[in-house]
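A short write-up of the structure that comes next.
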Amino acid sequence: MKLTAKSIIRRYSCTRSRKDSPGSFYSWAETQVMMQYNQLARFVEINNSSFLNYPYQLIDNPADLETALEPFIAAKIIGIDCETSEGIDPYQAKIRLVQLAIPHHPVIIIDLAAIDSSDLSPLRQLLKGNALKVGHNLKFEWMMLAQAGLKPSRPFFDTYLAYRVLTAGLKCSLSLEAAAAQLLNVKLDKKLQTSDWSGELTTAQLQYAAIDAAIVLPLRTNLKRQLKKALLWSTALLEFACLPAVAQMELNGMWLDKQQWQLLKEQLEAQQKALERELSSLQIPSPNKQICLLPEFTNSINLRSPKQVLAALQAQGIPVSSTNTQALIPLVNEYPIIQALLDYRSLSTRISTFAEGLVQHVHPVTERIHPNWFQIGAKSGRFSCREPNLQNVPRNPATRQCFKPASGHVLLKADYSQIELRIMAKVSGDMRMIAAYSKGEDLHKLTASLVLGKSLSEINSSERQLGKIINFGLIYGMGAKKFKNMAQAEHGRVLSLEEASQFRKRFFESYAGIAEFHKHIRRSWLQGIRESRTLGGRRRLWSKDSQPLLNEMLNNPIQGLSADITKLALAKLFAPLNRTGARLICVIHDEILLECPIAEVEPVKALLKCSMVEAGDKFLTPIPCEVEIQMIESWGG
DNA sequence: ACCTAAAGCGCC
DNA sequence: AAACGGCGCTTCAGGT
């Protein structure tokens with residue numbers, strides 16, 4: 001197959017997945033769901049009330065359970081919801097109710113407080129079955145059910161993820177309430193969601209519980225139609241396939257050596273104290289400061305306050321108009337105090353956010369850290385992670401060495417090598433990049449040689465570093481000025497603005513495919529197009545009240561496809577990984593971290609590599625996909 | 001006393 | 001004015 005920049009761009013711009021083809025028909029079951037929805041909608045209209053009546057059957061004994069679930073055994077699609085008591089932490093909360101919905105049937109509400117877990121096997125079998133489980137934010141249900149010994153099996157349809165796939169980039173509420181209102185014109189009353197589900201339940205509570213399970217069925221029908229119409233069906237399927245891996249990862253958590261962490265904290269605090277002394281000359285500029293008799297109370301400034309720091313620096317005659325790092329870096333050599341200030345601020349973050357902050361999230365029950373993972377947390381489709389964010393733990397070894405596997409285990413750390421650069425090579429079809437990757441050449445070295453006008457063998461490690469900055473900056477539209485600053489800040493190489501813009505020019509001359517790719521995106525940006533797609537079909541929208549930035553549109557296809565690839569790897573990994581003793585514990589965009597029993601290292605390594613490479617190959621061919629796997633005793637190596 | 005925006009810094 | 005992109009957390013500063 002002949003690859004040219006134009007042909008790839010053309011293909012890129014009209015990428016269609018077969019599975020996304022519109023005009024699909026609906027099954028009988030789906031038609032029934034729509035009829036049910038129509039009845040529901042009519043009811044709302046007539047009553048003009050936020051409270052909906054919906055038939056349900058409360059099951060509070062083992063004998064009724066088996067009978068009640070009979071109609072569900074043959075069902076292909078089941079709406080699922082849970083209500084919990086004692087909070088929403090899967091390690092502390094308890095499931096009170098499991099609600100199950102199928103079309104034209106009362107919702108079955110199972111009271112787990114009234115049924116012994118040994119009598120739940122009909123429910124367990126049902127959840128293990130092949131029916132499509134539909135719910136809103138199923139990660140929560142999955143974790144709760146898994147903790148109750150009722151782990152549900154694929155396939156899943158998560159209306160929350162589906163709604164996010166459909167609206168990625170837009171600011172809108174993704175709650176079930178908002179989705180039902182927006183897509184079905186049904187008003188749900190969520191006031192009871194946080195009510196007490198531990199004691200005697202009221203009719204209103206049961207009614208609320210029933211509606212939540214029932215509503216996801218028409219919601220799914222609506223979302224499926226819209227996803228197919230928007231050519232987002234394969235993206236949604238990818239998210240659904242990835243969901244159980246994410247839920248399991250959140251349950252697994254990550255172990256932190258608290259004692260070692262405490263030692264680290266003390267070291268950082270000592271370093272900070274030393275810097276504070278070094279920075280004591282930074283004082284409040286005051287015209288009458290000589291009247292202050294107790295300078296330690298009056299003249300010292302708050303080093304975390306940009307406003308006070310700016311005034312103090314200016315008082316020392318240092319020519320600054322801003323205290324941000326970019327502005328201060330060029331002054332580091334001339335004024336030693338600047339470096340101390342930068343170090344101080346860095347230490348402040350490492351102490352408050354990490355040394356003090358992270359340890360507060362060690363779970364009292366598991367003694368591990370279980371962050372909230374959001375599999376579509378970013379507009380590009382990337383994951384985000386909160387409370388705490390494990391995706392921005394400082395890289396320095398002393399910090400990461402505190403993250404360790406359980407005893408008898410090691411960590412397996414797998415990284416995609418230069419994934420975004422490879423994606424750029426793929427989507428732009430740049431001939432030089434394709435040739436370099438197929439020969440196994442080092443792209444950073446290549447860029448340095450092209451821009452500096454030297455042969456590959458002449459490039460030293462410092463020049464390669466410059467090539468790296470050029471590669472990662474310029475492919476996303478960095479301007480000459482920012483590039484100049486970055487070359488100095490991260491590489492220590494002082495460039496004039498002319499040199500910087502000369503390098504930039506040579507970069508795009510050397511990689512004509514990238515230049516062409518940028519032109520193509522710029523054209524659609526100029527036309528006022530408000531969406532961006534990845535090669536996998538994932539879409540990001542811009543709302544009408546926010547003008548898309550060109551650089552956002554340049555970046556999205558790259559960053560978004562990287563997310564697609566990682567998610568596909570996780571989806572492939574999930575089932576086979578569960579047949580081993582290894583556990584997924586962390587995902588940092590292009591890095592996957594497993595905790596693996598020592599005895600199983602070799603097979604798990606092979607499985608991990610295979611899943612990731614297969615996922616990469618699906619989108620990157622003919623660009624080779626490289627995955628590096630390390631077996632380590634701690635995250636720090 | 002509490003809320004919000006911005007600055008700053010950590011990561012990919 | 002469009003000028004690397006994507007996040008989350010803590011602190012400060014100014015407001016109600």
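Chain A is the first sequence line, chain B the second, and so forth, proteins listed ahead of strands; every chain is numbered from 1. Any value given below was found using the heavy atoms of this structure, including those in side chains, with hydrogens, waters and symmetry copies removed. These numbers were taken from a predicted model, which means no experiment stands behind them.
- With dG8(C), dT10(C), dC9(B) as the choices, the nucleotide that has an atom nearest any side-chain atom of Asn389(A) turns out to be dG8(C).
- For the residue pair His520(A)/Ser428(A), the side-chain donor-acceptor check at 3.5 Å is not satisfied.
- The side chain of Ser346(A) has dC9(B) as its nearest neighbour among dC9(B), dA2(C), dG6(C).
- Between the CZ atom of Arg304(A) and the C1' atom of dC9(C) there is a distance of 13 Å, given to the nearest Å.
- Donor-acceptor pairing under 3.5 Å, judged by distance alone, is present between the side chain of Arg522(A) and the base of dA2(C).
- Between Thr349(A) and dG8(B), a side-chain N or O to OP1/OP2 separation shorter than 4.0 Å is absent.
- Straight-line distance from the NZ atom of Lys567(A) to the P atom of dC12(B): 19 Å, rounded to whole Å.
- A donor-acceptor contact closer than 3.5 angstrom links the side chains of Glu239(A) and Gln375(A).
- Across all strands shown, Glu387(A) has heavy atoms under 4.0 Å from sugar-phosphate atoms exclusively, and none from any base.
- One interatomic measurement links the two molecules: CG of Asn555(A) to P of dA2(C), which rounds to 18 Å at whole-angstrom precision.
- Below 30°, between 30° and 60°, or above 60°: for His363(A) and His370(A) the angle between ring planes is above 60°, a perpendicular geometry.
- Taking atom CD1 of Ile470(A) as the reference point, atom C1' of dG5(C) lies 18 Å away to the nearest angstrom.
- The base of dG5(C) lies close enough to the side chain of Gln559(A) for a donor and an acceptor atom to sit less than 3.5 Å apart.
- Looking at Asn392(A), its side chain comes within 3.5 Å of the base of dG10(B) through a donor and an acceptor atom.
- Separation of the Phe507(A) and Tyr511(A) ring centroids falls under the 6.0 Å cut-off.
- A donor-acceptor distance shorter than 3.5 angstrom exists from the side chain of Arg530(A) to the backbone of Ser543(A), with no hydrogens or angles considered.
- For the pair Leu554(A) CG and dG6(C) P, the computed distance is 11 Å after rounding to whole Å.
- Closest to the Leu549(A) side chain, of the nucleotides dG5(C), dG6(C), dC9(B), is dG5(C).
- One atom, CZ of Phe403(A), and another, P of dC11(B), lie 12 Å apart when rounded to the nearest Å.
- Residue Arg395(A) places at least one side-chain N or O under 4.0 Å from the OP1 or OP2 atom of dC12(B).
- Two residues, Trp542(A) and Gln547(A), neighbour DNA chain C, and the one matched to the more 5' nucleotide by heavy-atom proximity is Gln547(A).
- With dC11(B), dG8(B), dC4(C) as the candidates, the nucleotide lying closest to the side chain of Asn324(A) is dG8(B).
- Summarising the geometry, the separation between CD on Glu552(A) and C1' on dA2(C) is reported as 10 Å, rounded to the nearest angstrom.
- Put simply, the side chain of Arg382(A) and the base of dC12(B) share a donor and an acceptor less than 3.5 Å apart.
- For dC9(C), the OP1/OP2 oxygens have no side-chain nitrogen or oxygen of Ser352(A) closer than 4.0 Å.
- If you check dC4(C), dC7(C), dA2(C) against the side chain of Trp525(A), the one that comes closest is dA2(C).
- Judged by the 6.0 Å distance and 45° axis criteria, Lys139(A) is positioned over the aromatic ring of Phe374(A).
- Contact annotation for Lys481(A): no contact, since no heavy-atom pair falls under 4.0 Å across all strands.
- If you check every strand for non-hydrogen atoms under 4.0 Å, Phe472(A) touches a base.
- Atom CZ of Arg540(A) and atom P of dG6(C) are 5 Å apart (whole Å).
- dA3(C) and dA7(B) have their P atoms separated by 15 Å, with the value rounded to a whole Å.
- One finds a side-chain N or O of Thr323(A) lying less than 4.0 angstrom from the OP1 or OP2 phosphate oxygen of dG8(B).
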